[in-house]
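Below is one structure; the comments refer to it alone.
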Amino acid sequence: MDLVSFLLATAVAHVGFAIFVTAHASFTDREAGNWPYITLALGLAGVAGYFFYDETTSRGRI
């Protein structure tokens, strides 16, 4: 695979992951915060952070 094809595939995947995170947050009434932007930069690491990072809120939800 040449470099241009790899970079294009990576960019398309990151955009798709960011759209998925945004759509999931919208459908589940969950605040996406900065996770779509982090996902654009880091790809699957951003998706994993969105799903597994828990922040204690003022409502006491962990």
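Linking Ile, Leu, Val, Met, Phe, Trp and Tyr whenever their side-chain heavy atoms come within less than 4.5 Å puts Val47 and Tyr53 in one cluster. Hydrophobic cluster membership differs between Leu44 and Val12, with clusters built from Ile, Leu, Val, Met, Phe, Trp and Tyr side chains linked at under 4.5 angstrom.
With sequence neighbours left out, the side-chain contact (heavy atoms from CB on, under 4.5 Å) criterion links Phe6 to Met1, Thr10. For Asp29, the side chain to side chain donor-acceptor pair (under 3.5 Å) test picks out no residue, with sequence neighbours left out. Every side chain to side chain donor-acceptor pair (under 3.5 Å) that Ser5 has, sequence neighbours left out, goes to Asp2. Every side-chain contact (heavy atoms from CB on, under 4.5 Å) that Ala25 has, sequence neighbours left out, goes to Ala32, Tyr50.
Interatomic distance, Trp35 CH2 to Leu42 CG, rounded to the nearest 0.5 Å: 8.5 Å.
Checked against His24 for a side chain to side chain contact (heavy atoms under 4.5 Å, CB included), the options Val21, Thr28, Thr22 give a single hit: Thr28.
Under the 4.5 angstrom side-chain criterion for Ile, Leu, Val, Met, Phe, Trp and Tyr, the cluster partners of Val15 are Ile19, Leu40.
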